[in-house]
Chemist: 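Mind looking over this structure? Questions follow.
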Amino acid sequence: MLIHEFQAKNFLQRLGWKIPPAALAESAEEARRLALELGCPVMLKAQVLAGGRGKAGGILKATTPEEAERLASRLLGHRLVTAQTASQGLPVARLLVERAINLKKEYYCGLAVDRKNEALVAIVSRQGGLNIEELSASRPELIKKIFFNPDEGLKQFQARQLGYFLELPEDLIKEFVVRLKQLAGFFIEKDLKLLEINPLVWSEDDRLLAVDARMEFDDCSLARQPELTALRDESQENELEKEARKFGLNYIKMDGNIGCLVNGAGLAMATMDIIKHFGGQPANFLDIGGGVTEQAVSKAFELLLADSQVVTALINIFGGIVRCDLVARGVVATAGRLSLDRPVVVRLEGTNVTEGRKILEESGLPFTFARDFEQAARLAVELSRQPR
């Protein structure tokens, strides 16, 4: 679960980090008033749950209150498309109006879960404000990583190594070490997957400021972090994704036109890969999971068909815990209730596959059966190219 920049900064403030003076605006007039109160120049920062806002025109500088009002009207009520959003972008309902900072240098500071090394990692860079992945590839000497165990936390000497790597003044190194250790403790306690301060700024008045912040919490831990659920902004979420969550389905909307209904995250990823391999574009990631019910399968197929971009559906099931007959009954229940006006390719294997195929064949509905994974993907791509 991602939270907004202003929410992440609220957490940072509680941990003792300094942030620039700022306030939220929901109208252009309010942005003008805040610019006057804060003192210009100010930054107008669209509050959307995606990175890459600056490159997409979602962060603008205003030198006068009047300019703040004019620029705010360009952002509020519109959708912002960044490199991390779908093609339709995300709605901008609020702006963070923040006093612009005169700085000496920008840095990057982050914490993440490193699955490859089975550890947590603290990352700093002597150059901030840029995509850390791009910088890691082009200038790896500017980045330092330290791995640590969540049971032990980030050690004092590790935090100091990172502070000295940034070549901060001695007094700011001391502050950085204290704050970073607190941040690492917060990261572990609240079950975060990613935490970034970018840029972390050494200001002209010799302060260490968190000018931007990003926090992503592990969805699987929200049951034990109930206070975090109140921070979820459903206006930033796709309607189909919200509906899927109610039924325990893992659904992510994408920009393609081949809808996928699959059991298992690995098989779902492989299904999307092979669709692209044959020149098609998946419309979604949809993993119905292992403990799925017939009702949830029915809902999953309904959500898939509710996407107007979907011109062909691909059902790819390798039955283990999930039985093929259960999936077939769920699919038929929805297909019989709705007008099935798009081709549906079905590949079933595994537990109760004979019963599953029989249910689909006897339904009288126009399913296209494939004998294996590759044929199913080829058929789905071919059918997606035919005129409707």
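None of the values given here were measured: they were computed from a predicted structure.
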Chemist: Taking the side chain as everything from C-beta on, heavy atoms only, tell me whether Val331 gets closer than 4.5 Å to Leu365.
Modeler: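 Of all side-chain heavy-atom pairs linking Leu365 with Val331, none is under 4.5 Å.
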
Chemist: For the residue pair Leu172 and Phe176, establish whether any side-chain heavy-atom pair is separated by less than 4.5 Å.
Modeler: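 They are not in side-chain contact.
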
Chemist: In the hydrophobic cluster built from side-chain contacts under 4.5 Å, what are the other members alongside Val81?
Modeler: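 Besides Val81, the cluster holds no residue at all.
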
Chemist: Show the nearest heavy-atom pair for residues Ala46 and Val92, with the distance to one decimal.
Modeler: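 Closest heavy-atom pair between Ala46 and Val92: CB-CG1, 3.9 Å.
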
Chemist: My understanding is that only residues two or more places apart in sequence, or in another chain, count here; which of them pass salt bridge (Lys or Arg N to Asp or Glu O under 4.0 Å) with Arg329?
Modeler: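 If we apply the salt bridge (Lys or Arg N to Asp or Glu O under 4.0 Å) test to Arg329, skipping adjacent residues, the hits are Glu294, Asp325.
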
Chemist: Tell me, please, which residues at least two apart from Arg53 pass salt bridge (Lys or Arg N to Asp or Glu O under 4.0 Å).
Modeler: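 Counting only residues at least two positions away or on another chain, Arg53 forms a salt bridge (Lys or Arg N to Asp or Glu O under 4.0 Å) with Glu5, Asp212.
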
Chemist: Mind checking whether Leu12 and Ile123 sit in one hydrophobic cluster, side chains of I, L, V, M, F, W, Y counted as touching below 4.5 Å?
Modeler: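 Different hydrophobic clusters.
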
Chemist: Can you give me every donor-acceptor pair (side chain of residues 247-262, partner residue at least two apart or in another chain, under 3.5 Å) with its distance?
Modeler:
from   : atom 1 : to     : atom 2 : distance (Å)
Asn250 : ND2    : Asp287 : OD2    : 3.4
Lys253 : NZ     : Asp307 : OD2    : 3.2
Asp255 : OD1    : Ser87  : OG     : 3.3
Asp255 : OD2    : Ser87  : N      : 3.4

Chemist: Measure from the side-chain N and O atoms of Glu243 to the backbone N and O of Leu303, and report whether any donor-acceptor pair falls under 3.5 Å.
Modeler: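 No; judged by distance alone, with no hydrogens or angles, the pair does not exist.
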
Chemist: Which label fits Phe186 and Phe11: parallel for a plane angle under 30°, tilted from 30 to 60°, or perpendicular past 60°?
Modeler: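 Because their plane-to-plane angle lies in the 30° to 60° range, the rings of Phe186 and Phe11 count as tilted.
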
Chemist: Would Arg378 and Gln375 count as having a side-chain donor-acceptor pair, cut-off 3.5 Å?
Modeler: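 Side-chain D/A pair, Arg378 to Gln375: absent.
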
Chemist: Indicate whether the side chain of Ser221 and that of Gln225 have a donor and an acceptor atom separated by less than 3.5 Å.
Modeler: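 Judged by distance alone, the side chains do not pair up.
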
Chemist: I'd like to know if Val124 and Val113 are part of one continuous hydrophobic network [Ile/Leu/Val/Met/Phe/Trp/Tyr, side-chain heavy atoms within less than 4.5 Å].
Modeler: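 Hydrophobic grouping puts Val113 with Val124.
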
Chemist: Kindly say whether Cys220 contributes a backbone atom to a donor-acceptor pair with the side chain of Asp218 at under 3.5 angstrom?
Modeler: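 Yes, Asp218 side chain to Cys220 backbone: donor-acceptor pair under 3.5 Å.
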
Chemist: Main chain of Ser298, side chain of Thr334: is a donor-acceptor contact present, judged purely on distance under 3.5 Å?
Modeler: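 Side chain of Thr334 to backbone of Ser298: a pair is present.
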
Chemist: Using the side-chain contact (heavy atoms from CB on, under 4.5 Å) definition, which of the options Gln127, Glu196, Arg126 pairs with Tyr108?
Modeler: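 Of all the options given, the one that passes is Glu196.
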
Chemist: Calculate, to the nearest 0.5 Å, the distance between atoms CZ and CD belonging to Arg32 and Glu67 respectively.
Modeler: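 One gets 12.5 Å once the value is rounded to the nearest 0.5 Å.
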
Chemist: Taking side chain as C-beta onward, heavy atoms only, is Leu304 less than 4.5 Å from Val310?
Modeler: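 Leu304 reaches Val310 side chain to side chain.
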
Chemist: Please write out which residues are connected to Ile101 in a hydrophobic cluster, directly or through intermediates, given that two of Ile, Leu, Val, Met, Phe, Trp, Tyr count as joined at side-chain heavy-atom separations below 4.5 angstrom.
Modeler: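 Result for Ile101 is Leu103, Val201, Leu209, Val211.
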
Chemist: Give a yes or no on whether Leu314 and Leu360 share a hydrophobic cluster (residues Ile, Leu, Val, Met, Phe, Trp, Tyr; joining criterion: side-chain heavy atoms under 4.5 Å apart).
Modeler: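 No, it is not one cluster - the side chains of Leu314 and Leu360 are not joined through contacts under 4.5 Å.
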
Chemist: Give a yes or no on whether the backbone of Leu194 and the side-chain of Glu216 come within a donor-acceptor separation of less than 3.5 Å.
Modeler: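 Checked: no pair found.
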
Chemist: Are Arg94 and Phe6 in a cation-pi contact, defined as NZ or CZ under 6.0 Å from the six-membered ring centre and within 45° of the axis?
Modeler: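 No, cation not above the ring by the 6.0 Å, 45° rule.
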
Chemist: For Glu362, give me all partners under salt bridge (Lys or Arg N to Asp or Glu O under 4.0 Å), at least two apart in sequence or on another chain.
Modeler: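 Salt bridge (Lys or Arg N to Asp or Glu O under 4.0 Å) list for Glu362, sorted by chain: empty.
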
Chemist: Other residues, nucleotides and ligands only: do more than 12 of their heavy atoms fall within 6.0 Å of NZ on Lys104?
Modeler: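 Yes.
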
